[in-house]
Amino acid sequence: QRRRKRAHKGSENVKRKSARASRSSVNRAGGSHSKRRHVEAVTLFEVITMGRSAMQAVIDDWVEAYVTDRDSSLLDLISFFIQCSGCKVVTAEMCQSKEDSDVMSKMVEELDEVASLQYKKFLAFPWILTVTWPMDTESVEYPLTQSGPYGRWFHSEFCEFVSVLVAQCQRSIIFDGYLMNTLISLLTELSDSYVRAFRHTCTLAMKLLSSLVGVALSLSVGIENSQKLYKVQKTKTMRQKSTPQLERVQKKITELQEKRVEIESMMDIIFKGVFLKRYDVLPEIRSICVEELGLWMKLYSSAFLNDSYLKYMGWMMNDKQIPDVRLKCVLGLQGLYGDPLLLPKLDLFTSRFKERMISMTLDKDNEVAVQTMKLLVLISTSDDVLSPEDYKQLLQFVYSSQRPLAATAGELLFSLHKHVVYLVDGLWDCAGALLKDWAALTSILLQDPSSHVLVASVRQASEGPALPGRSGAKKAMSAREKKIQSDDCAKLTEHLLVVLPKLLSKVAGMGAVLDLHSGPAVLEAAARSYLSLCAEETTWCSMARAARDSLVQTWVDQLSVLLEDSLKGDCFSADEEKTKEILLVLKKLRAFHCHNLSQWSLFELLSPLLSAESSQGGAPPEVLLEVLQCLCYFTLWSLNTSGEALTSRAVAQRLQLRLFCERSHRCLSHSDHGVRQQAFLGVCDVLTAHSYQLHVWDPTSFGPLLYTPSPKLQRALLTFVCMQVFVGPDCDGQSRVSENSEVEKLEDLHKRRNLLAAFCKLIVHGVLEMSMAAEVFMYYMKYYNDFGDIIKETMYRTRQIDKIESSRTLVLCLQQQLFVRLKKEQESGGRAHPGVQTFTSIKELARRFALTFGDLVKFRECVVVIHNGIEFVFQEFSQTPETPTPLYLSYLTILSEFSSKLLKPDKKTFSYLQKHTAEHIIDLREECWQPLIYYRASLLAAAEGEDAVSYVSSDRKPHLPNRSPFS
């Protein structure tokens, strides 16, 4: 039976109001011409065809109408989205509540087969709408799918309408909790409909999210500006500070933050309600989704650029239906990889989807392949992302039949100057004759100094290097290969002897190169080049040295002029520009540390910078850092080149060494952490070098004068190590563990290990007293994973130097540094200090110390020295009723860890113990004497090789035959 639904007329009030608003807007925006042409345009859907200016005016009037009657205006907006889907709203009625039982009973669908229409009622609170659309929805066109320019134009105008709507509402009604809730709910429901027109059109709600991203960015800028204003107001003097104004600024910051949270909540709802449901059979919808996702991640990276969103980009790169989805993915990723600030957040994505991106260069769609190659060119700018195998595969596209793809691959090849050695290595077998044409290569080098092929070819011919990451090469050359290499080297030498003067003439222009390029890599390469050219055995060394000396003299002159103007007395007064110039010259001089620059008296020129008080305008930390490194290198060269006789030069060298140590001592208390570390390392390096110098000089020819660091400096070095190396983990940092923080922790650990190693060298080389190692040894167990190997090696080295003194250092560590500190802490009754170790940890440390004595015969005397700790326990002990036991009696428990290392002939230790205990009344029934019982038992067990507990009662009175010291 046929059923027919009669269409009902909508609200006349709504139509009249909409018509008035639209007409007035059109008249304002378009003038008389627009009025004549669009007089019938009375709905938002019709106004969309009239351009941006009319669109803004209409939306302004719509906002005014919404403020007056939001329900009717909201119906106009709902009807707009329905009409954009090719459907019509035929009736609209109000409902009071979403939970009304009558509402759900009205949600029915009916068919009008005569008119070939479908009718459906659905809720867009507070409206119940009756919507009609054709029965055969798959074959009927709607605005977005219309062929020709109109479809593309409508898509653009629709997106423009959504953007203008959000822009016009962002300062007012967008936060009223009504408009956006209804709009998002409507678009989310329609995007999940089984009707294709609804799904496709309302998936453009993604444009709504993009517009909200713009609002969030504006709010973020407002928050940042307000926070800057707040800081400025807060730093003013109390007389100028206005408390009400501060409160107003703080209130504004809070309001903006609340609005941003609300916007981010809206974005999250749209993403989950629309994007996550749109793995649709329609690739057009997927294309819209991925295009907008790329835009969000670039514009609002703090919220969207993470692995939770990036995975969708990776998955949709595998879309097999239409190329447009894959193309939109690649274009979105280009925007991300093109921003250096975003690269750290893309590491995991790159590692997971790199293979897929490389395979997309073979895509059947040429545009996808070209854009993917451009993406890989961007990725290649990061170090170690693409392997040599990846480059080998990608560079083959320079021979592609598609010129755009070949040209893009050529860009990749052109950017790989640092991989020329791999290129030469790969071509060596098939094009060796061309690469060994030294005449052609040197002529190219004379014309283009940036050519790297000659250098790579020379290395390949003379060394045949095994390149990192390239396997399969022979570990040893055959006799025939050695003969070929020898012949190549001979031919190369003959040719270079002729052309080398012309090549060397370019060295004189290296100063100009270093003026333009002052990066660390360029400076280091220049310094090493000069070092090779200035070698004594070369015939051209005089010319190269003259060029080098001229270059260094230029830098010294520049620095002298700059410091003369900037350093007056103890005050450093250079402005920012001059400071940059000073810093640049210092970096150049530091890069040439492999050259002896003593003739320029740079130590005297730079050392005053360390004496300037920071409180009185001292040099900035970055300058001090460079100065400390330069002075350290100058001092090391001075120590290395000192004369053998006792001359004024040797005296000057000693004064220079003392001056450097004193100035660096002051820098150990500098406020900058990097300056403190460099001052410490510099002092350690020069003192170690001075110690080595004392060991190799001939005493009969006087040689260098002895310098001994002052006790204050020695103590400062020890304090620095304890404060900077042995520090606990950062609890706040551990709560935010990430890959970046792990890398930072490893770098920090590496620096701390270098500091500790430098200090331990001073002990091993005899610069510091061996006893100063006691405070380092005490951390052996606590920081075993981080520094155990360094501390253990220091123990072995000191034991080789003086095993008795080394044992006394262990005793000092256990007694004074650990045990006595613990007892004092317990007696004070205060809160436990974090630097004080527990008794259990001290006992465990003693056990680990005992394990280092492997050869009992060799270290027999060492163990006996340690057991002399008995005297430490009973020293100055006078037994009274108030003090029945020695204060440090429990130390015997720690000492018992070394009993197993005693040999039988050293049983006299037991007699030594008896001698000290014979003078006192000892009641084994008292718990306080348990450490003595335990230690005595360990000695007896060590002497007889039996269990210690079995000896506890062997020397007791008859009335205690069965009493155990542990009962």
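What's counted below: heavy atoms across the whole structure, side chains too, no hydrogens, waters or symmetry copies.
Listed for the Asp324 side chain is no donor-acceptor partner under 3.5 Å among the backbone atoms of Leu327. Looking only at distances, a side-chain donor or acceptor of Asn181 sits under 3.5 Å from a matching main-chain atom of Gly177. In this structure, the side chain of Ser351 engages the main chain of Leu348 through a donor-acceptor pair within 3.5 Å. Distance alone, capped at 3.5 Å, is enough to place a donor-acceptor pair between the Thr408 side chain and the Pro404 backbone. At distances below 3.5 Å, at least one donor-acceptor pair connects side-chain atoms of Lys298 with backbone N or O atoms of Gly335. Not one N or O on the side chain of Thr361 forms a donor-acceptor pair closer than 3.5 Å with the backbone of Met357. Side chain of Thr381 to backbone of Val377: no donor-acceptor contact under 3.5 angstrom is found.
Ring orientation note: the planes of Phe271 and Trp296 are nearly perpendicular, at an angle over 60° on the 30°/60° scale. Taking the six-membered ring where tryptophan is involved, the planes of Phe80 and Phe161 are tilted, since the angle between them lies from 30° to 60°.
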Requested in this report: Take Trp62 and Val67 through the side-chain contact (heavy atoms from CB on, under 4.5 Å) test and state the conclusion after the steps.
Outcome: CA-CA 9 Å; Trp62 180 87; Val67 174; over 6 Å; no
Requested in this report: Could you walk me through whether Tyr312 and Val290 pass the side-chain contact (heavy atoms from CB on, under 4.5 Å) test, one step at a time?
Outcome: CA-CA 8 Å; Tyr312 299 108; Val290 73; over 6 Å; no
Report task. For the pair Tyr66 and Asp61, evaluate side-chain contact (heavy atoms from CB on, under 4.5 Å) and give the outcome as yes or no after the intermediate values. Result -> CA-CA 9 Å; Tyr66 178 88; Asp61 283 343; over 6 Å; no
Query raised in the report: Given Glu264 and Leu212, is the side-chain contact (heavy atoms from CB on, under 4.5 Å) satisfied, shown in steps?
Result: CA-CA 8 Å; Glu264 290 178 347; Leu212 291 176; over 6 Å; no
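A salt bridge is absent between Lys311 and Asp307; no separation between the charged side-chain nitrogens and carboxylate oxygens falls under 4.0 Å. A salt bridge does not link Asp365 with Arg326: none of the charged nitrogens is closer than 4.0 Å to a carboxylate oxygen. Of the charged side-chain nitrogens involved, none lies within less than 4.0 Å of a carboxylate oxygen, so that Glu255 and Lys259 do not count as a salt-bridged pair.
Taking CG of Leu165 as the reference point, atom CD of Gln56 lies at 12.0 Å (rounded to 0.5 Å). Distance check, rounded to the nearest 0.5 Å: CD1 of Ile263 to OH of Tyr300 gives 9.5 Å. For the atom pair CD1 (Ile223) and CD (Gln257), the distance works out to 5.0 Å, reported to the nearest 0.5 Å. In this structure, Leu295 CG and Phe304 CZ are separated by 10.0 Å, a value rounded to the nearest 0.5 Å. A distance of 6.0 Å separates CG of Leu256 from NZ of Lys252, quoted to the nearest 0.5 Å. Rounded to the nearest 0.5 angstrom, Met360 CE and Leu376 CG are separated by 9.5 Å.
Each of Leu375, Leu386, Val385, Leu394 was evaluated against Ser380; a single residue qualifies, Leu386, per the side-chain contact (heavy atoms from CB on, under 4.5 Å) test. If you run side-chain contact (heavy atoms from CB on, under 4.5 Å) between Met297 and each of Asn306, Leu305, Leu342, only Leu305 comes through.
Contact between Ile253 and Ser226 at its shortest, heavy atoms only, is CG1-CB, 3.4 Å. Of all the heavy atoms in Ile173 and Asp176, the pair that sits closest is O-OD1, 2.8 Å. Scanning both residues, Lys328 and Ser287, for their nearest heavy atoms gives CG-OG, 3.5 Å. Nearest heavy-atom pair, Gly294 versus Leu336, reported as atom, atom and distance to 0.1 Å: O-CD2, 4.4 Å. Taking all atoms of both residues into account, the shortest heavy-atom contact from Pro344 to Pro340 is CD-O, 3.7 Å. Closest non-hydrogen pair, Val368 versus Pro323, comes out as CG2-O, 3.7 Å.
Using a 4.5 Å cut-off on side-chain heavy atoms (C-beta onward), Thr372 and Ile358 make no contact. Residues Ile174 and Val166 have side chains in contact (heavy-atom distance under 4.5 Å, counting atoms from C-beta outward). Using a 4.5 Å heavy-atom threshold, the side chains of Thr350 and Leu343 count as separate. Looking at Leu209 and Glu292, their side chains never come closer than 4.5 Å, going by heavy atoms from C-beta outward. No side-chain heavy atom of Leu208 sits under 4.5 Å from any side-chain heavy atom of Met266.
Shown here are the side-chain hydrogen bond (donor to acceptor under 3.5 Å, both in side chains) partners of Tyr230, two or more places apart in sequence or in another chain: there are none.
Within the structure, the salt bridge (Lys or Arg N to Asp or Glu O under 4.0 Å) test picks out the following pairs touching residues 350-361 (sequence neighbours left out): Lys354-Asp390. Under the ring-ring contact (aromatic ring centres under 6.0 Å, His included) criterion, the residue pairs touching residues 317-352 are Phe349-Phe353, with sequence neighbours excluded.
Side-chain contact of Tyr178 with Asp71: a donor-acceptor pair under 3.5 Å is present, judged by distance alone. Judged by distance alone, the side chains of Ser72 and Asp69 do bring a donor and an acceptor atom under 3.5 Å apart. With 3.5 Å as the limit, one finds a donor-acceptor pair spanning the side chains of Gln371 and Glu367.
Counting non-hydrogen atoms of neighbouring residues, nucleotides and ligands closer than 6.0 angstrom, the NZ atom of Lys345 exceeds 12 such neighbours.
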